[in-house]
Amino acid sequence: MSAVLAAGGGLTAGDRSIITAINTGASSLSFVGSTFIVLCYCLFKELRKFSFKLVFYLALSDMLCSFFLIVGDPSKGFICYAQGYTTHFFCVASFLWTTTIAFTLHRTVVKHKTDVEDLEAMFHLYVWGTSLVVTVIRSFGNNHSHLGPWCWTQTGLKGKAVHFLTFYAPLWGAILYNGFTYFQVIRMLRNARRMAVGMSDRVDQLDGRAELKVLNRWGYYPLILIGSWAFGTINRIHDFIEPGHKIFWLSVLDVGTAALMGLFNSIAYGFNSSVRRAIHERLELFLPERLYRWLPSNFRPKNHLILHQQQQQRSEMVSLKTEEQQ
């Protein structure tokens, strides 16, 4: 993404300012969403489980990636030379953490293994090590031209090719892996649900439908990465074909969707039932009861919803009795 802002070939100064504004706005949304998940993990002890710990590392990577994107163009930013590589490092780490979540789910559901917590050190070595290696490799193919005492910018076809191979190749590998893994998990659970339908009562079947609805959401997670980086991939390929000609709308979609990846991840992975339950419990403790009526039903604690429904039923019964008496 930073390459689009830095190069700017074929774009006017007004176009570049629009793209920069879109990048800052979308990155700010991602930063807020990712920071929310990080704060939930730090503040709520009941969320500090291994499954949500991986989501925390994903949100932390998204938060840092969004922060360095907010800083702006590496050729004009505060830490110039280091900023582009730092952004590259945390963006790679972000989509690699999604593969560890998919691997954990696959190993638990399909392989029936319970040793995933013992693999945490291997996950860290895999994510941070791979991110560091591809970031270092990216610097080998760059031609750096001095813009100031200690600022450089990426130029040359070789540097663009290395950037493509060290970011978009692992990215689409992660997309394919996540898609294949979630497909296996969903198919496994659907088969198990079909086998259990005949041996369960109606309540269990309704619970199973709710669980299956949650499982179907997992199939959309690979689509988040596709939606975030499809236009960026197309833009890079177009940059190889016509290096001196930028398409404005393609650059806008590239920067906007890529910068929103942290927000998409925080919604898909972070805003689960555990997080909502923890927030509901805190709301129930600290918010006055009269404020609950102004909250949407999705944000009300379950106990308050049950009491509210009982009060409605009582009021309806009272109104029916008065009508009968009249």
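Just so it is clear, the values below take in all heavy atoms, side chains as well, and ignore hydrogens, waters and symmetry mates. Values in this document were obtained by computation on a predicted structure and should not be read as measured data.
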Quick one: do [X] and [Y] end up in the same hydrophobic cluster if we chain Ile, Leu, Val, Met, Phe, Trp and Tyr together by side-chain heavy atoms under 4.5 Å apart?
{"X": "Ile267", "Y": "Phe95", "result": "yes"}
{"X": "Leu64", "Y": "Leu132", "result": "yes"}
{"X": "Ile37", "Y": "Leu43", "result": "yes"}
{"X": "Phe164", "Y": "Ile241", "result": "yes"}
{"X": "Val136", "Y": "Leu96", "result": "yes"}

From CA spacing to verdict: side chain to side chain contact (heavy atoms under 4.5 Å, CB included), Leu105, Tyr182 | CA-CA 8 Å; Leu105 192 64; Tyr182 285 123; 3.6 Å; yes
Measure the [atom1]-[atom2] distance between [X] and [Y] for me, rounded to the nearest 0.5 Å.
{"X": "Asn23", "Y": "Ser251", "atom1": "CG", "atom2": "OG", "answer": "12.0 Å"}
{"X": "Thr104", "Y": "Glu117", "atom1": "OG1", "atom2": "CD", "answer": "10.0 Å"}
{"X": "His106", "Y": "Asn178", "atom1": "NE2", "atom2": "CG", "answer": "12.0 Å"}
{"X": "Thr87", "Y": "Ile70", "atom1": "OG1", "atom2": "CD1", "answer": "10.5 Å"}
{"X": "Cys42", "Y": "Leu47", "atom1": "SG", "atom2": "CG", "answer": "10.5 Å"}
{"X": "Ile247", "Y": "His238", "atom1": "CD1", "atom2": "NE2", "answer": "3.5 Å"}

Practice prompt. Can you establish whether the number of heavy atoms outside Phe240 located under 6.0 Å from its atom CZ is more than 12?
Written response: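 Correct, the count exceeds 12.
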Review point. Within a radius of less than 6.0 Å around CZ of Phe50, do more than 12 heavy atoms belonging to other residues, nucleotides or ligands occur?
Key: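 Check passes, neighbour count above 12.
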Minimum heavy-atom separation for [X] and [Y], please, with both atom names.
{"X": "Val109", "Y": "Met188", "answer": "O-CE, 4.0 Å"}
{"X": "Thr135", "Y": "Ser131", "answer": "OG1-O, 2.6 Å"}
{"X": "Gly232", "Y": "Asp254", "answer": "CA-OD1, 3.2 Å"}
{"X": "Phe167", "Y": "Cys91", "answer": "CE1-CB, 3.7 Å"}
{"X": "Ala259", "Y": "Leu69", "answer": "CA-CD1, 4.5 Å"}
{"X": "Thr98", "Y": "Leu58", "answer": "CG2-CD1, 3.9 Å"}

Would you please name every residue forming a side-chain contact (heavy atoms from CB on, under 4.5 Å) with [X], sequence neighbours left out?
{"X": "Val32", "answer": "none"}
{"X": "Tyr177", "answer": "Thr99, Ala102, Phe103, Thr181"}
{"X": "Thr257", "answer": "Phe231"}

### Message
Run Lys53 and Phe123 through side chain to side chain contact (heavy atoms under 4.5 Å, CB included) and show every step you take.
### Response
CA-CA 12 Å; Lys53 185 183 291 187; Phe123 288 161; over 6 Å; no
Report task. With sequence neighbours excluded, tell me which residues meet side chain to side chain donor-acceptor pair (under 3.5 Å) with Arg107. Result ->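 Partners of Arg107 under the side chain to side chain donor-acceptor pair (under 3.5 Å) test: Asp115.
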message: Show, in sequence, the C-alpha distance, side-chain angles and deciding distance for Phe36 and Ser266, and conclude whether the side chain to side chain contact (heavy atoms under 4.5 Å, CB included) test is met.
response: CA-CA 8 Å; Phe36 175 78; Ser266 63; over 6 Å; no
If only atom types and distance count, is the side chain of Ser94 paired as donor or acceptor with the main-chain N or O of Phe90 below 3.5 Å?
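Such a contact is absent between Ser94 side chain and Phe90 backbone.
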Quiz item: Any sub-3.5 Å donor-acceptor pair from Asn265's side-chain atoms to Ala59's backbone N or O?
Solution: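 Looks like no, no N/O pair under 3.5 Å.
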The complete set of side chain to side chain donor-acceptor pair (under 3.5 Å) pairs with one or both residues in residues 30-49, sequence neighbours excluded, reads Glu46-Arg282
| Got Trp172 and Leu225 here, is their nearest side-chain heavy-atom distance under 4.5 Å? |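 No. Closest side-chain heavy atoms not under 4.5 Å.
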(request) Verify side chain to side chain contact (heavy atoms under 4.5 Å, CB included) between Phe248 and Val252, making sure each step is shown before the conclusion. (result) CA-CA 6 Å; Phe248 173 71; Val252 168; 3.6 Å; yes
Sequence neighbours excluded, the answer for ring-ring contact (aromatic ring centres under 6.0 Å, His included) partners of Phe89 is Trp128
